[in-house]
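First comes the structure, then the notes that go with it.
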Amino acid sequence: MSDIIKIKEEYISKLNQDIDLNQVIQIKTELFGKNGKISNEFKKMGSIPVVAKKKFASDLNEIKDEIQNLISKKIQEIEIQEINSKIKNEKVDVTLPERSFNKGKIHPVSQVIDEISSIFSEIGFNVEEGPDIENEYYNFSALNTPDNHPARDMHDTFYLDKKKEFLLRTHTSPVQVRTMLKGKPPFKFIAPGRTYRSDSDQTHSPMFHQVEGLHIDKNLNMGHLKGCLNYFIKEFFEVNKINMRFRPSHFPFTEPSAEVDIGYEIKDGKIVIGEGDKWLEILGCGMVHPNVLKNVKVDTLKYQGYAFGIGIDRLAMLKYGINDLRAFFETDYRWLNHFGFDPLDVPSSYRGLSR
Ligand code: DAH
């Protein structure tokens with residue numbers, strides 16, 4: 001039997017066995033690779049006597065075609081087999097019980113920060129941020145707070161070093177300084193975030209949240225401050241009318257300064273904002289002190305404006321009927337499940353949701 005017939009028989013029988021794709025490819029290289037058996041037969045062509053050459057060439061080509069066809073068929077077969085077994089194994093059993101899963105909730109504080117940001121952005125306020133770890137200058141000195149001010153006391157402030165250079169910011173007001181140093185007036189932004197004070201009881205937590213507001217421009221006066229806060233409170237509590245009271249107060253970084261109370265009454269055991277003759281303090285505010293503006297190189301003869309600082313947790317408690325502030329930060333899953341929000345919730349009326 002000639003060499004090529006032997007090769008043909010050997011490999012046809014190999015290809016007819018139950019082999020995998022790798023083995024088929026191996027066979028292909030063994031036959032048709034650079035030094036493959038069939039390739040080598042073709043190389044012999046030149047040394048074959050002319051009389052035998054024609055038959056040899058036609059036999060060889062026939063064998064080549066036959067084996068190549070067989071290889072392609074085999075590859076196709078294996079691929080179809082693979083697809084079929086995949087389909088069989090990946091069948092979905094719709095009768096299986098579902099796997100349990102937990103859906104996350106949005107914390108009421110995050111929800112309220114989003115609400116506040118969207119209300120103020122409607123009237124042109126940007127949102128700015130500052131670090132939780134502040135230095136003494138931005139937190140106090142630049143805000144016109146004298147060295148002997150009680151807020152600087154160790155009882156109140158968490159200092160991070162003996163020299164009292166670094167601290168956990170006690171309010172969001174340092175973001176006023178940082179943001180004004182970064183740019184040029186006019187400024188109009190809010191800055192929500194975490195704040196820290198050495199205080200802990202049912203209505204105070206060592207970490208809490210504030211939102212700062214600052215608006216500096218030409219010709220701003222206290223009327224703008226009142227209008228802005230009135231708009232915000234009405235939007236936030238979703239009421240058409242609000243009783244507001246500006247009580248004279250003192251903050252080192254504003255002059256004049258005021259604290260704002262809003263009117264409320266208790267109806268059926270619930271707080272109703274906007275009506276009634278009881279007062280609830282909700283924020284501090286004032287016209288920015290010229291010393292603060294000088295510290296950030298703003299020309300006080302051209303520019304002035306107002307600032308305010310609001311306790312976010314307090315607003316969340318009021319709007320969503322939550323009594324104990326400490327529960328906010330206990331990370332109790334059941335609590336969060338009850339008071340938390342779904343991502344697509346659109347809270348529509350305060351102290352309750354229309355879902
Ligand atoms: N930083 C003050 C505080 O934590 C709140 C405050 C009052 C902020 C008046 C202001 C402001 O911007 O103008 O008690």
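As the structure is a prediction and not an experimental result, all values here were calculated from the model. Indexing begins at 1, ligand by ligand and atom by atom, following the structure's order.
Remark: ligand 1 and T254 share no N or O pair separated by less than 3.5 Å (distance only, no angle test). Remark: ligand 1 and T170 share no N or O pair separated by less than 3.5 Å (distance only, no angle test). For ligand 1, the polar-atom distance check against A307 finds a nitrogen or oxygen pair separated by under 3.5 Å.
The closest side-chain donor-acceptor pair between N139 and T170 falls under 3.5 angstrom. For the 3.5 Å distance criterion, the side chains of N40 and K37 fail to qualify, holding no donor opposite an acceptor. Between the side chains of E30 and Y11, at least one donor-acceptor pair of N or O atoms lies under 3.5 Å. Side-chain contact annotation: R152 with S141, donor-acceptor N/O pair under 3.5 Å present. Looking only at atom types and distance, the side chain of E115 has a donor-acceptor partner in the side chain of Q111 under 3.5 Å away.
Annotation: atom 12 (O) of ligand 1 to nearest protein heavy atom, E212 OE2, 2.6 Å. When hydrogens are left out, the protein atom nearest atom 5 (C) of ligand 1 is G309 CA, 4.1 Å; that is the closest non-hydrogen contact. At the top of the distance list for atom 3 (C) of ligand 1, counting protein heavy atoms only, stands R197 NH2, 3.6 Å.
Between E259 and R245 no salt bridge is recorded (no basic side-chain N to carboxylate O distance below 4.0 Å). Using a 4.0 Å cut-off between charged nitrogen and carboxylate oxygen, R194 and D132 count as a salt-bridge pair.
For the ligand labelled ligand 1, residue H289 lies outside the 4.0 Å heavy-atom shell. Remark: distances from the non-hydrogen atoms of F253 to ligand 1 include one below 4.0 Å.
Cation-pi check for K226 over F246 is met; the charged atom lies under 6.0 angstrom from the ring centroid and within 45 degrees of its normal.
Near F251, with a cut-off below 4.0 Å to any heavy atom, the atoms of ligand 1 are 7 (C), 9 (C). Counting atoms of ligand 1 from 1 in the listed order, those under 4.0 Å from a heavy atom of Q176 are 12 (O). Close approach to G286 involves these atoms of ligand 1, each under 4.0 Å from a residue heavy atom: 13 (O). In the vicinity of S173, heavy-atom distances shorter than 4.0 Å reach the ligand 1 atoms 1 (N), 8 (C). Close contacts of ligand 1 with Q210, meaning ligand atoms under 4.0 Å from a residue heavy atom, involve 3 (C), 4 (O).
Between the side chain of R247 and the backbone N or O of E281 there is no donor-acceptor pair closer than 3.5 Å.
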